[in-house]
Trainee: 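Here it is, the structure in full.
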Amino acid sequence: MTSATAVTTLGKARWRQLLPVYGVYVALLVLVLFNVVYTDNFLEWSNLRIQLVQVTPVVIVALGMALVIGTEGIDLSVGSVMALGAAIIPLYLGYGPAAAIVLALVGGLVIGFVNGGLVAFVGLQPIVATLAMLVAGRGIALVLSSGRYRDIRNADFIEIGTGQFLGVPYTVWIAAVLAGAVGFLVRRTVFGRRLLAIGDNRPAAVLAGVPVRRVLITVYIISAVLASIAGVIQVARIGSADASRIGLLIELSAITAVVVGGTPLTGGKVRVLGTVAGALLMQLLTATMIANNLRDSTAQMVQAAIILVAVYAARERRTR
Amino acid sequence: MSLLEVVGVSKQFPGVRALDDVSFTLNAGEVHALVGENGAGKSTLIKVLTGVYRPDGGEVRYQGEAVSFNGPLDAQAAGISTIYQEVNLVPLMSVARNLFLGREPRNAIGLVDVARMNREATDVLSGYGITSDVRRPLGLMPLGAQQMVALARAVMVDAKVVVMDEPTSSLEPREVETLFGVIHRLHERGVGIIYVSHRLDELYRICDRVTILRDGKLVHAGKLEGLQRVELVSHMLGRPVDAGRSFTSFAGEHEAAAAAPVLKATDLSSRHRLNGVSFEVRPGEVVGLGGLLGAGRSETIKAVAGALPLDSGAVEVDGRPLRRPSPVSALRAGIAVQPEDRKAEGIALGLSVRENIALAILPRLATAGVVSERKIDEIVDTFMQRLRIKASSPHQRVGDLSGGNQQKVLLARLLATGPKVLLLDEPTRGIDVGAKAEVQALIDELASEGLGVVLVSSDAEELIEGSDRVVVLRDGAVVGMLRGEEVTTEQLMNVIAVAAS
Amino acid sequence: EDDNTNSTSSANASAAAQATKSADAAGATCTLQQFGGTKIDLKTAVVGFSQSEKEANPFRIAETQSIKDEAKKLGIPEANLKTTNADSKFDKQITDVSTLIDQGVQLLIIAPLNSDGWDSVFAKASAKKIPIITIDRKINAKSCTNYLTFIGSDFAEQGKRAADKMAKALNNTGTVSILLGAPGNNVTTLRTSGFKDELAKVAPNIKIVFEQTGNFSREEGQKTAEQLLQANPNVNGIYAENDEMALGAVTALKGASKKAGDVKIVTIDGTKGAVQGIVDGWIYSVIESNPRFGPLSFSTAEKFFNGEAIPENIIISDREYDSTNAASDLGLSY
Amino acid sequence: MTDTVVTPPAKVARAEAAAARTEKLVERFQRQGALAVLALVIIVGAITWDSFRTYDNIGTVLISTAPPALIALGMTFVIISGGIDLSVGSLYVLGGVLAAWASQYGTWAAFALPLAVCGVFGLVQGSIIAYARLAPFIVTLAGLLGARGLMLALSDEGADTYLVKTDSFKHFGTGALGGIGYPVYVVVLLFAAGMLLLYRTRFGQSVYAIGGNVDAARLMGVKIRSTQIRVYVLSGVLAGLAGAINAARLGSGVTVLGTGMELDAIAAVVIGGTLLTGGAGTLGGTIAGVLLLQVIQNLINQSGRITSAWQTVISGAFIALVVVVQTYLARLRRVSSG
Ligand SMILES: Nc1ncnc2c1ncn2[C@@H]1O[C@H](COP(=O)(O)OP(=O)(O)OP(=O)(O)O)[C@@H](O)[C@H]1O
Ligand SMILES: Nc1ncnc2c1ncn2[C@@H]1O[C@H](COP(=O)(O)OP(=O)(O)OP(=O)(O)O)[C@@H](O)[C@H]1O
Ligand SMILES: [Mg+2]
Ligand SMILES: [Mg+2]
C-alpha cells in the first residue's frame, strides 16, 4: 500500500468516526443556513427566542430520556408525568407557587419510583413498565383534575413561564442549567459511570458490585422529575393546566431528539449536548415548515426523511 | 495442491494492525495449529478466511481459486465450517433447533419436521456424550455442553475444512477426548482442520503443522514435529524462554495453616443447584474447587459473591458474617469475583479499559459523588503496567481488545478493589501461554501477600498445581477434600469416581 | 387564585339551553311509522349515549353533563342511561356503540367522532329498529333509514359568521391567519371552507397569509400562533377554529408584546374563557357552538315516539358574542 | 485420607421428582399465563353482567378484535426478531383509505392496493433496518410519520373520505357466518398460517435466531437481512390488510383512526408473553393478549358508568398487572428449571 492511499483511508476512517459525533451539529448548521436564506425574519432575536422557548419542554424531557436510554431502557411515560405535574399545580396553587411546584415534582418522583421499581425489582422490560404508566399516569392526572382543565391566574407562577433574565426567558435558563447538570452527572460522577456500565452490560455491573437497582430507580426518578419540571413550565407558559393534552406524544419527540443526537438505543453511551442539538434540530425543522406554510402531509413526510438522514449520519460504524 | 491458502493478507482496525501481510496454507487431511499470543491475530485471520471480515489487502484461495466469501453462509456453502472462539449459538432456542438451524429436516410439504429433528438431534448429540433433553433451551446447558453442540453443528455438514477457534477452552478432559475422537475421524476423511488453542499439550497430540503469528505478522510456519516446546513458545513471545520450567507458573505451597479463615462458607443451599456446601479459605491459601462439568462450582462461586439467591447458608469474611448477601455487600466485605463468562457477565465491552478497571471502586475515587480523573488515571496506570495490559490507550474500547487482554482488564478491576478474597472462575480460559503464566504467577503472588483465593479451573493440571487444597463438588454438594500430599490428579479423579458410584 | 372555568350556573341553565333555528320545512321528515319502530316510554327506556372524546374540554364536559342532567330530570333511572367514551379512538366508538346495542338500548344518542364509517353500526341498529340521534356532528347517511335525525350547529355557517365578523373587524382590508382544527376532522373542513368562501365574497381585500393546524388545543394553538407571529409580525386578524386555540393565540400575542386589540381574533365555541377574553379586549368576537344537547335530544325523542314527524336536520341557533354583549351574557357561556 | 460427604440418594431422588412436577406445572401455566388471566376475566365478567355473556356481545368482541389481532400478528414476528414496528397504526389508516378508494375498481383492487402499498412501506423500512443498520424503533417512527403524511396527502389533509363503492367488499366487512363476522374467520386462518410459518418453517426459525442472538445467527449462516426485511414486509402487509378489512366494515376510508394503535399492539404482544428483547414468544399468547385488552374494554362498557378518566387508569393498571404476573411466572419457571 502506498503512503498516499494509507493517508486517504486514514482520513476516511477519521471522518467516519467523527461524523456520528458531529453529524447532528452539521445538520443543525445546514438547517440554520437554509433558514437564514429562505425564511423571513429568521435571525431576529424574537424569532430565535420563540424557538428556544418552544423547545424547552422537549429538551428537558429528552435529558431524562437520554439517561434512561443510557441504561438500555426507555421511558414512554414522560408525557403522562407532564400531565400529572400539570394537574397537580392548580390543586395546590392556593398554598403558593413554591408549594404547588414542589408537590408537582413529588408527583413525578412517585411515578419515577414506580417505573424504576417495576424495572429494577420486578424486572419488567422498561418499554412495558412505562407503557403501562403512560396509560395509567394520564388517567391519574385526569382523575386528579376531575377531567377538566384549569386556568391559572397566579401572576407569580405565570411569571416563570413568561418572565426573563438578561433578555433570555427563565424557562430557557432552566433548560440550560438542567442540561449542564445532566452533562456533569454523566461525565463526572460515580452515578454517571455506573449508569453507563449498566447500560453496556447489566450482569457485569451486578457482579462488579454496582448497586444496579438503586441506580436504575434513580435514573427513572430523574427522568420523571425532569418531565414534571417540563410539565410545570408548560403550564406556566400557556397559563392553563390541561391534563388531557399536555405532553401528548412528547415521548416520541424526546426519543427522536436523543437518538438523532447520537445516543444509541442500545445503551452504554449518553450524549447530552447531542441531545440538546437533536431537540433543536427537530424544533427548527417544524418551525421551518410552519414558517414556509407547508401542508401537514408534506411536513410529516419531510420530517420522516430528515429523521432518517440524521440518524443515518449519527450511526455508529463498525468495520467489516 | 493446498486446500485453503491465504496470501499476503492484511487487516487494519482503528488503531491496530491485526494482520500484516500474513500467508498461511492448509492442506487436505492435515490438522494445522494456529498459535500466537493473545491479540496476535488468530481469530481475525479466521474471520477473514470465512468471510466475516473483508481483508484490506491480499488474497484467499480455496481449492486453487481466489475466493471472496460474502459472509459465513457463503463459506459454509463452499464447505468451510467454523466453530468461533466464543460460543455462538442462540441460547433461547432449543438445543435441537440450534443444531439444525438453517438445515432443518423438512417433510413433504416443506414444513420443518420437528419430531424427526428432535430425534436426530438426540442421536447426534449422544455421540458427543450429551444426553439432556434436546427440546430444552440451549442456554440452560452448561457452557461445555454448548461447546459440544457447536462442534456437532460444525461437523454435521460435509465440510472440507473445519476451523476450530479454541474449542477446548470450556471443555472437561473427558469432553476433550470426545473432541479429539471427532478430529481423528475428520482427519481420516481427508478434511483439513485449523486448530487454535493455547493448550500446548493438545497441539502436540493432534496437530501436524503449525503457523505462528505475533503482533499480526507471520513468524513461523512448518511441521510441528521436531519443533521444541521452548522454541514454539519463544516464537510466540518473541523472546527466548528458559527450558525445563514446569507446566504452570505456580510456585507451590503457601504457608497458611495457622491463621483464622478469611472466608467461611457454611451450608450454602439453593434449590436444585447447591446442597449444603461448606468450606473455608485461610489468608494466603489457594483453595481449588474440583469436580466435573455441572458439579456446581460456578454456582458456589456466585453464591459466595452474593449473586445467587440462597435458601439457606452463611458467608463470613474475616469472621464477620455478610448480612443480606448481595454483590454490593460482598464487595464491601472484600470479596472480588471473576465470573466464568467474561463476555456476558465480566466486562462492559462498550466501555473503555479505564472505565472498566475503575468500575468497582468508583466511590473510592470520588469525593461527594464526583469522580477524580487523576485518581482514576493513577489506578489504571498502575494496573495496566502490573498486568501488562496491551491496549492502544486506556481509552480503547475493551470490546476491541484480544480475549486475553480482556481477561486482564477484568482481573485488574478485581485487584483494584483491594480484596481479601478472590473468587476466580476459570481465570486462564482463552489466554495465551505468556499471559497464562503471568496470571498464574499473579495468583501465587496475591496469595503470598495474604489474600484468600478460590480457584475454579477445568484445566485439571492448573487446578492441582495451583491449589493448596481442593474441595471436590458433585451435584451441588461437597463430596470430598484433598489436602497436602493428596492434591494430585489421580486423587481428584478417585474422589469423583467414588462419589459417583 | 385560580378559578374553575366550568360551573354551569343553574340560574342560567334555561337561558343557555339550545334553541332550534330551523325545522327545515322543506327537508325530509321522519315518523315512527316510516321508521318502523315501536313506541316506548322514555321514562323506562334504556338509553345509550356514546361520547367521542374524553370529557376534558368545556365543550365535551357540558355536552355529557347536559345529557345526564336531562335524563335525570326526565326520571330515567341511572342504570338505564348507559354511557361510553371513545377516548378519541374511532374504532373504539364503533365498538362502544355495538356494545350499547348488544346491551339492549332502545334509543341511541351519539356524538360522532367522524361523519363517515358508520355502516356496521347502522346495519346492527336498523336490524333492531333502534333510532339514532346524532348530536353536534352529522353522520353522512340516509336519515329515517340509517338514523333518525341530526341535532347540531351548522359548522359552515359558523365559519361564515366568523368571516362576517372578521370582515367587520378589519374594515375589509388587511391580512388574516387561520389556526386550523385537527386535520381530517369535518368540523375543521367546514369551518375552514365556510370562512374562506364567505371572506372571498364579502371582503376580497382581506388576504389569508397563513394557515396551520393547532389541533384544537391551547398548547399547540399557542405554539403555532407564536410561529405565525414571527413569520407575519404585522398580521391583522387571527381566525381560530375553536376557543382553545384562540386563548393560546392570546398568550402568544402577549408574549410578542402586542396589546389587546392589536390583532383581531375571531373564534368559535363560546367557552367562558373566550367570552371573558372579549371582556378583556383580547378577542374580537366569539361565534357560539352550543353543546347543551340534552333537552333538545330527549324532547325530540319524545316527540318521535309520540308519532310526530321529525325533521332530518335540527339546526340549532347559535349565539354570538362581541363587545356589545360579552359582559352581560358571560353567564350563558360554558 | 479424604473425608467424603455423601447426600442420601433417596432424598435427592424424591426432591427431584417433586421439582420436576412443579416445573412442568409452572411451565404450562407460564406459557398460557395470558390465557389463564383471560379465562379468569371472562368468568368474572360472565358472572357479573348478564349482557356480557350474550351471543351478540361475543360477536361484537370478536369482530372488534379482528383488526388489532392482525396488526399484533405481524408485530409478534417483528418483536420476536428483536425489532419493533411503530408504523403499523399509520399503515392501518393508510390501508383503509387506499382500500376505500380502490374499491371503485372492485373487491380485488380494494385488497390488492393497500396490501401492496403497505407491503412496500414495510419493504423500505426493513431494508433501511437491514442495510443501514438503523434502530428499528427510529426507522419505524419515521415510518409512522411518513405513512400518516402520505395518508393526509391522499385525502386532501384528511378532509376527503372515500366511500366504499363495491357491495361485495362492503359485505365482506359486515356479513357474518353463524353470527360471527367474516373477518374473524380470516383472522383465525391467518393466525393458523402464522403459526405454521413461525414454528414450522426455516424462515420462522431464522426469526427466532436473529432475535435471540443476532451475532450468533450471522455466524451460523442465517440470512439476517432477508429475514429482517421479510418480517417488516409481513407486518406492513398485515397492517394494510387490517386497514382494508376495517374499511369494508366501516364502509369508508376513515382518516381519523389509528393513533396509539402501535402501542396497543405492542402491549397485546407483550401481555401474550413475548419478550420485547426478542428471541422468544408465541402467537397463541398474542391472541390471548389482544382478546384480553378487548374484553377489558367491553367490561368497562358493560358497567356503563365509569368515567373516561377512570377508564384510562384501569386500562393502564391492568396492563401493568398482567405483565407483572407474566414476569413473575417466567421467573418461577427459570428458577425451577435453571
Ligand atoms: N472488531 C475489532 N475492532 C477493532 N480491533 C479489533 C477487532 N477485532 C480484533 N481487534 C484487534 O485485533 C487484534 C487481533 O485480535 P484477534 O482477536 O484476532 O486475536 P487472537 O489472536 O484471536 O487473540 P486471542 O488468543 O486472545 O483470542 C487485537 O489487537 C484486537 O484488539
Ligand atoms: N448435562 C446437563 N444438561 C443440562 N443441564 C446441566 C447438565 N449438567 C449440568 N447442568 C446444569 O448446569 C448447572 C451447573 O453448571 P455450572 O457451570 O455451574 O457447573 P460447574 O461445576 O461450574 O462447571 P463448569 O466448570 O463448566 O462451569 C446446574 O444448574 C445443572 O442444572
Ligand atoms: Mg481469538
Ligand atoms: Mg462453571
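Every chain is numbered from 1, with letters handed out A, B, ... down the list of sequences.
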Trainee: Looking at every heavy atom in both A/Gly139 and D/Thr312, which two are closest together, and how far apart are they?
Mentor: CA-CB, 3.7 Å

Trainee: Is it the side chain or the backbone of D/Leu154 that comes within 4.5 Å of chain A heavy atoms, both, or neither?
Mentor: neither

Trainee: Judged by atom type as modelled, is there a donor-acceptor pair below 3.5 Å linking the side chain of A/Gln125 to the main-chain atoms of D/Leu276?
Mentor: yes

Trainee: Using non-hydrogen atoms and a 4.5 Å limit, figure out which bit of A/Ile306 sits close to chain D: side chain, backbone, both or neither.
Mentor: neither

Trainee: Where does A/Ile74 contact chain D at under 4.5 Å (heavy atoms): side chain, backbone, both or neither?
Mentor: side chain

Trainee: Examine whether an atom of D/Asp264 lies under 4.5 Å from a heavy atom of chain A, and if so say whether it belongs to the side chain, the backbone or both; otherwise answer neither.
Mentor: neither

Trainee: Just by modelled atom types, is the A/Asp296 backbone N or O under 3.5 Å from a matching donor or acceptor in the D/Glu157 side chain?
Mentor: yes

Trainee: With a 4.5 angstrom heavy-atom cut-off, is it the side chain or the backbone of A/Leu131 that approaches chain D, or both, or neither?
Mentor: side chain

Trainee: Would you mind reporting whether D/Leu145 and A/Met301 have side-chain heavy atoms less than 4.5 Å apart?
Mentor: no

Trainee: Under the criterion side-chain contact (heavy atoms from CB on, under 4.5 Å), which of A/Val259, A/Thr256, A/Leu308 is the partner of D/Leu141?
Mentor: A/Thr256

Trainee: Is chain D contacted by the side chain of A/Leu265, its backbone, both, or neither, given a heavy-atom distance below 4.5 Å?
Mentor: side chain

Trainee: Check whether D/Ala317 gets within reach of chain A through its side chain, its backbone, both or neither, counting any heavy atom under 4.5 Å.
Mentor: backbone

Trainee: So which part of D/Ser155 gets closer than 4.5 Å to some heavy atom of chain A, the side chain, the backbone, both or neither?
Mentor: neither

Trainee: Hey, what do you get for OG (A/Ser297) to CE (D/Met151), rounding to the nearest 0.5 Å?
Mentor: 9.5 Å

